[in-house]
Structures are given as structure tokens and as C-alpha cells.
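Predicted model, so just to flag it, every value in this text is computed and none were measured. Below, chains carry the letters A, B, ... as their sequence lines are ordered, and counting in each starts from 1.
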Amino acid sequence: MPEYRYDPQEIEPRWQALWAREHTWEVSNEAGAQERGEGRSAPGGAGAQPGGRAFNSYVLEMLPYPSGEPHIGHLKCYSVGDAIAHFHRRLGARVLHPMGYDAFGLPAENHAIKTGVHPRDSTQASIASFQRQFRSWGISIDWSRELATCEPSYYRWTQWIFLELFRAGLAYRKEAAVKWCPKDQTVLANEQVDAEGHCERCGALVEVKQLEQWFLRITDYAERLLGDLDGIEWPENVKTMQRNWIGRSEGAEVTFRCEELGVDYPVFTTRPDTLFGATFFVMAPEHPDVMRLAGGTEHEQAVHDYVNHALNETNEERGNAERPKTGVPLGRTVTNPVNGEQIPMYVADYVLMEYGTGAIMAVPAHDERDHAFARAFGLPIRRVIEAPAENDDLDEPPAAAGVAGELPYTGDGVLVSSNPDFDGMNNRQALSAIVAWLDREGKGHASVNYRLRDWLVSRQRYWGAPIPILYCERCGMVPVPDDQLPVELPDIEDYTPKGRSPLAAAEDWVNTKCPECGGSARRETDTMDTFVDSSWYFLRYCDARNDRAAWDPAALREWMPVDQYIGGVEHAILHLMYARFFTKALADLGHVDFQEPFQALFTQGMVTKDGAKMSKSKGNVVSPASIVERVGADTARCYILFVGPPDQDADWSDDGVDGVHRFLGRLWRLAAETAERAGSPRAAASPEGEAEGALAVADAAEGDDLALLRKTHWAIDKVSGDLRRFAFNTAIAAVMELLNECSRLRDSAQLETLRFALTSAASLLFPFAPHVCSDIYELLRGERVWEQPWPQAEEALLESEVYELVCQVNGKVRDRVQVSADAGPETLKDLCRAAPNVRAHVDGKEIVKEIVVPGKLVNLVVR
RNA sequence: GCCCGGGUGGCGAAAUGGGUAUACGUAGUCGACUUAAAAUCGACAGCCCCCGUGGGGGGCAUGCGGGUUCGAAUCCCGCCCCGGGCACCA
């Protein structure tokens, strides 16, 4: 017998070449279009589509940001996604599984600043490297739909969407505070400012500057973004993160009036029940009225200094809730609308301009922050809620609400020292009553507030999609007409930002004609946040080569929403929220007819080395290319899925990789030897009826043949179930068990049985190790495994006519006996009592209870 | 501080609805093949104790302490540790 050597370096390129040559993983839109109206259905399970009718499935991994080479996290993400894509195909789906690149962004631009290499060139080089490696991993991608967000043919439509949002009032300009380096004369991204507030490049103290910025009105969608989370199959932790980010709070808006200036100041509060305990009023340093209020008072200078200082603090400093409260009086008072009291006004940095109205009523008795401020400034603290007497019943307040007698008390209780109408009332009832009263008096109303802020999308950067807006001296802000899109990014020499976007220096490009009046106009020089590019790419894949529209609605109807989205949990908030927002906005504009882009989401865990995140500085980076070169892509992919549950972090171990490599080698060698023995050489297509042949074996099977058949069907059942719950690690373990059984019985079982078992192993392992399994399937059957339906487990072979009954005494296993599968409870009890070691433990004692779990165990309770 | 994950052999892990804890893989030990090694193949293997040639028996083990149950890694209560997210959001 010849010696067989498993050689992935020979096997893998051979199959990759075939898939490329035959465009195996490409799907057209037309075929599906004919089936439209059949109703889409998720692959609920093998045989979910009786009659084998094709259904559509869109399997998508988050598109990579092409920088350098793919890392191990990419390998994990695409190994998971490809396994799902293959599984869906074999269940009968037409699978859309595309690839693209999130190709605009800061790293390429910073690289350009350092080296002068155009971002387009470095990005293109990186994309080439990603393409090469994805092909070398054998990922089943429909390359005909490939895209990069930096191509004009793509960002033309990014710009079109921006203008659609603009025309709908969802994109707008507003002054906003940005980080500004006075020495470099440039706007800085938050990441470019160090913890102490210095410019990363020159070390100068960074200032805050108000500049006109572009925003997208995502806050209009807060309620829908929150509510629609209930209808999608996402991990609970991701939903929770989005809910927290949206941060819905119910409460009331209440108006406090400054009589001296005759100005009303509304505040938002979640606790209108504590209104009678408001003893002062605080405004954020950014509040536009602060200087006007302090003007002419003895505090004017102090307020000026305080505000200046506060505005120049870093987010880290401002955000630290632990540090002592600071602030200064404004020298004015406002009227508390519920009792007419004049309460003093302050400015303090613990109040945020971005939330609510930028001003708060302070209730020091029932809010920890207000309490701390009142203590620091010697302000009155008035208790208006009395905690329930004692925690002597089940309704004890949560520990977080504080101890009953102490202040601040944030729990529930009974209103006191408020007003005869409300005193004695439970605070939750009083809350509604007070809001109703405010409403009647015109002094307030119920209100909902969100933590979510509008999305700042303009960047003073070069390597992004230009914002397609013109500024005409006569007509003002003018959108670039659709027929003039894309607004192409001009080539420039100097990428360093100088006060404005680097694009501002391209005078020829900036100066243009107004499409409305023909007069001179200037282009917007800011570019878009790269998150805009990635907020709609999944739509473009459905119709990637359309040059007349962003997509044909029919194409979206065929594929959207994405059936299974896969990516890192680090995108739980921003990308996934923005993509949902775009989808809803586009639905409102009539461009799509669904509300959620991603029906199901899977978030994969991180891959670490020696327990630490891989990083160049730590020198613990494992490069996928080196692994593939050493042991092949099948091993790399299987290992990353075998090492543990894919949603959890996994630590890379070279020993583990070798183990999986040995396993694939054993499988391939045994298959090759078996093929040789069976005289079924490669490419000589085997005769019809192979599967029936195996079944014929099943009918008559006994002994080792039956054992091997049973193991095979057990594995089919196990892997099918495991794939549905993303338990790839146990699926692979099940195929390992099957192979171990094959090895054990290789000489005692019939050749046909062995061939059937190995064919099944290859079929089941194919979603994880496509090359070697294609090779094995061809060796044993002369057929293409990816064209075969997913195997079905025979019910009859999943059950055995005997099993091992566990015999327990007082819950401890004392013996095991072989019993017939159809034995009744009484028989089982008898057999258990008769077991030798059970008798030893029962002897001389009284059996008080007998528990029977048919198919599993009998437990005798003795005294 | 708040909200999520997680804690099981030397290591990665499994146990899918309360029912045989430790599947599978690693590293390890022993054996076969070999002049030798690697590779490959086969066997053993949670910890402790007892009897014994083979083999068998008992006790203890799923972060810690309680509880529910015939029976708990799994459910409940109270803690400890590790990782992640949010964090002055009124």
C-alpha cells in the first residue's frame, strides 16, 4: 500500500483555483427574482424547505478596514461566517456572501502625512493583501460584488444618500465645540489629544473652539431605534448596550423663571416629585445665557474665569464624577414654579449642556450630585420624601437608594414638607399629580429625554468622501445636483491639516460655479466620517454594479434584511446603531421597505495570545499568513473554531493548532487509503446509489458495522444541531469522535460502511475545512461535496436497542447494567435492585423511594 | 458606582430542559515501529485512600458559604475573584 501524506499546500490551491475558475460562490439576482413572492424563510433546519426549493439567505461579516495585512481576528470572523454560509447553502439556500473594504479613514491618511504615499496607493496595496489572503483561506466569497468605499463608484452613492438626508432635513449644520490646536492651527480628533489635554503632535495645550459642523439627526429616531430592538435576534448584551446608549428617561420639563431678566429657563427632571425640595438652580458652563446672567453682578469676573477654565478642561477631567464639585454663583435667582420660592442660580461643570436643556433644578436631599454641591457651598438641604418606616417587610427599598434616615435619599417614599395637596402621598403618585398640576398651570409638562446625541459626521480630513455641498455667495448652501455626483476627491500634495480640511488648499477644486445661479461658489471642504460609508454598504452588495442608482429596489427585496450578520462586539454601539438609523431614514424616504438591516447578529470573541490582546508593541502577534503557510488554511480555520465557543475570547496555542492539523491529516490519510482499497480513484465518478448502498448496509448491519453506522448518524445529528447554535467547537469534536471510531473499526467494519462514515465526516466538516473535505469527498465518491445536500440523520439509527442504566443509591452511582431500550419502569427498578453493588449498599436498609428516569437511571432512596 | 460576561483536570474546554461531571483536543507517561530521533500507530490518565496478579471497592472534587431537591456545574440567597461596557445624563 502506498504511503499517503496529507499535503495542504498541494490540496488547497487546487480547490481554490477550481472555485475561482468556475465562479462557484457567485449568485445572480435574476434567479432569485423569479422566485420572488415565494416568501423568504430563514433556514430553520435541514429539510425546512420541503421539495428542495431554493430560498435566499444573506450571510454577511462586517467589512474589514484594510490596513496592513489581515490579522487573526479577521480569520475568526470569516471562519465563522463562511461556516454559516456553507451550512445555509447545503440546506438548500442561495447564499449571498460578499466582500468589500472600509477603505477611507485616518490611519491611511496619517501614513500619507508621514511618508507622502497617497492614501489611495497604500490602501490599494493593503486591499490586494486582504484579497490574496481571503482567497488563500478558501472563504466562499462572491467576488463579483466586491467593493471599496473609497472608490468613486461607491462614494457617489454615499454622497447621494447624504443629500437625500439633507433634503429631508436630517443633515444639518450647527456650531459645535471641537478640539483645536492653536500652534498647528488645526482641528484635532479626540484621539489626538492626550489625557492632559495636550496636542499629540506638538504638545501645545489644546483649546476648544466653536466651529460649524455637519450633523445627522439620529435623535429623531431614538424611540424607534429603541423599540425595534425587541424584534431582532441579537445578543442580549448588545441590545442592552444600545438601550443604555440611547438612554431613554421619562420625566417632566419644568419652567423656572428669572424675574430680573424676564427669561424662562426650562429644565428636564426625572423627579418632578421632588420639586418642593429644589433649593438652587445650576447651569452648564456652555449655556449661552451664563455671561448675560452674570453681567453687571459682582460675580461677573469669577463666572468668566470659571467658564473659560471649564471649557478648556479635557473630557477625562470634566467627566470624573469623583472629584469635588465646583461652581460659582451667577448672582441671580429663579422662581420655583411650585411654591414661588426664589432660589439662587449657579454655574457648575457637573451640569452638561448636551443633555436636557443645559440647566437643572437642584434637589440636594434626593440627588447625590446636588447633595455634594450643596454641602460644598453651604446651601439648604430640604427633605421632601420620607423613606418607609423600616425594612420590616418584603418591600424594602433597594440598597442603592440609601439608608432610610440619611440624606441624600434617592429611593421611594412619602411626600413631606411639600404642599398640603401632595404631602402624605406616595412619591410615585405624587409625581403624576404634580406633573398634571404643572400642565394645568402652564408651568411644565411630561417629557421624555434621550442620552443619544446627534451624529457629528464632518471631518476636517482628506481621506474621506467629500460632503457634496456648495456655498454660493448669492444662493447660500446648495446641494450638488445628482448628475454632478460624485464630487471626486482631488489629488493633493500636502495632507497636513492647516486650520481647515486639507482639501481647502486645493483652490482649483474648491472654486466652482453655483448650479443654480451660475455665479461663483465654493465647495464644502470637510469629508464624511467613515462610519457613514459603512452604514449602507450591505445594501450596495445587493446591486453592486448598478451605475444608475445606489440599488434597484427589487434587488433589496430579494436579499435584505441580512439573515446573519457577524462581527466584533466592539461595533455593538456605533456601527450597528448608525446602520440601523440609515435603514430607518431610507425607509422613511421610500428607498427601502424594511426597518432593520440585520435580522440576526452574532458577535465573536477576541483572539488573545498568552492571555493578552495581540499587539505589535507586545510582540505577540500571530499572523494568519504564517499559520496558513505552516499548516494550511483548513487547519487554521478549524483550530480557531475548535479552541472554544466562538462568542467567547480564545487564547491562541500553537500546540492546539498542531493537534487539529494531526486530526485533518488522520482523516485525509484514512480516506485516501479507504478510497484506494475501494478502488474508487479520484475523478472516476462513482456509480449511482452510493447512499442507498450505505443504507442497504444499514438494514443488515450488525456488530461493528452497526456501531460505526450508529456513530455516523449520531455525528450527523450532533453537528447539525451544533451548527444551528454556533457551537462549532463541539461540532468539530463530534467529527473527531467519528474519525476515532473509524480508526478503531477500520479493519473490522465492511469497506462500504467505512466509506460511508468517512464520506459523512468530510461532509460534516466541510463548512470548517472546505479544501480537505472537498478532496476527501472526491476521493471517496468522485463528487463535489458542496453540491450535496446536508446529510440527514436516520432516526432509527440514533436509538439503540440497549443502553446502560445508571443505578443510584441515595443519588450516588453504585452500578450500571445493560438494559433493553423498551424495558418498563418496573423492570428497571427490578434490574437496579438486583445489581450487585446496589445490593451491597441497600442491604439491611429500607427502601423508602424509587425514582425512575427511563432511558437514564434509577435512584433508590434508602434509610 | 451601575450593567453585562466568565470562574470545571497541568492547559483550551464539554455536559443543549435539574439526571452517569471532566466528551474532544493538548501537554504527560508507557509501549510498538526505528541503529536512534522525528513522524505514525496503540494503551494509560481528576485527586486521595483501601484490597489485589489481572482487577475491584470507597471517599473527595465544577471559585467560597448556605438553601431547595431523591438528585445541583446547572435553580435560589449571600459573598470572593477575573474580563468587558457605561459612567456627574439631572
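The side chain of A/Trp245 sits closest to B/C86 out of B/C4, B/C86, B/U40. Checking B/A23, B/C60, B/G57 against every side-chain atom of A/Lys812, the shortest atom distance belongs to B/C60. For A/Glu804, whose side chain is taken as the heavy atoms from C-beta onward, the closest listed nucleotide among B/U20, B/G57, B/C88 is B/U20.
Not counting sequence neighbours, A/Arg814 has no partner by the salt bridge (charged side-chain N to carboxylate O under 4.0 Å, His left out) test. Considering only residues two or more places apart in sequence or on other chains, A/Val862 meets the side-chain contact (heavy atoms from CB on, under 4.5 Å) condition with A/Val809, A/Asn810, A/Val842, A/Lys845, A/Ile847. Remark: A/Trp245 pairs with no residue by the ring-ring contact (aromatic ring centres under 6.0 Å, His included) rule, at least two apart or across chains. Taking the salt bridge (charged side-chain N to carboxylate O under 4.0 Å, His left out) definition, one finds that A/Arg451 meets it with nothing, sequence neighbours left out. In terms of the salt bridge (charged side-chain N to carboxylate O under 4.0 Å, His left out) criterion, A/Arg662 has no residue partners (sequence neighbours excluded). By the salt bridge (charged side-chain N to carboxylate O under 4.0 Å, His left out) test, A/Lys609 pairs with no residue at all, sequence neighbours left out.
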Encoded 5' to 3' (Watson-Crick or G-U under 3.5 Å; [ ] crossing; | other strand), RNA chain B becomes (((((((..(((......[....))).(((((.......))))).((((((...))))))..(((((..]....))))))))))))....
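Of the residues in residues 350-357 of chain A, those lying under 4.0 Å from RNA chain B by heavy-atom distance are A/Tyr350, A/Val351, A/Leu352, A/Tyr355. Listed by residue number, A/Arg451, A/Arg453 are the residues of residues 446-456 of chain A with a heavy-atom contact under 4.0 Å to RNA chain B.
Put simply, CD on A/Glu286 is 13 Å from C1' on B/C88, counting in whole angstrom units. Going from atom NZ of A/Lys856 over to atom P of B/A21 covers 13 Å, rounded to whole Å.
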Using a 4.0 Å cut-off on protein heavy atoms (strictly under), produce a 5'-to-3' string for nucleotides 66-75 of chain B with B for base contact, S for backbone-only sugar-phosphate contact, and - for none. ----B-----
In the 5'-to-3' direction, what one-character label does each nucleotide of nucleotides 8-15 of chain B receive under the scheme B = base within less than 4.0 Å of a protein heavy atom, S = sugar-phosphate only, - = no such atom? ----BSSS
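For the C1' atoms, the distance linking B/G65 with B/C11 amounts to 29 Å, nearest Å.
A donor and an acceptor atom, one from each side chain of A/Thr608 and A/Asp649, are nowhere located under 3.5 Å apart. Defined by atom type and a distance below 3.5 Å, a donor-acceptor pair is missing between the side-chain atoms of A/Ser249 and A/Asn449.
Heavy-atom minimum distance, A/Arg382 versus A/Ala365: O-CB, 3.2 Å.
Centroid-to-centroid, the aromatic rings of A/Phe373 and A/Tyr346 come within less than 6.0 Å.
Each side-chain hydrogen bond (donor to acceptor under 3.5 Å, both in side chains) pair with one or both residues in residues 853-863 of chain A, not counting sequence neighbours, would appear here, but there are none.
Salt bridge status for A/Glu737 with A/Lys718: absent, with no side-chain N to carboxylate O gap under 4.0 Å.
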Determine, step by step, whether A/Glu236 and A/Arg243 satisfy the salt bridge (Lys or Arg N to Asp or Glu O under 4.0 Å) criterion, reporting the C-alpha distance in whole Å, the side-chain angles of both residues, the deciding distance to 0.1 Å, and the verdict. CA-CA 10 Å; A/Glu236 213 38 60; A/Arg243 287 189 189 107; 3.4 Å; yes
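Ring pair A/Phe256/A/Phe281 is tilted by interplanar angle, where 30° to 60° counts as tilted.
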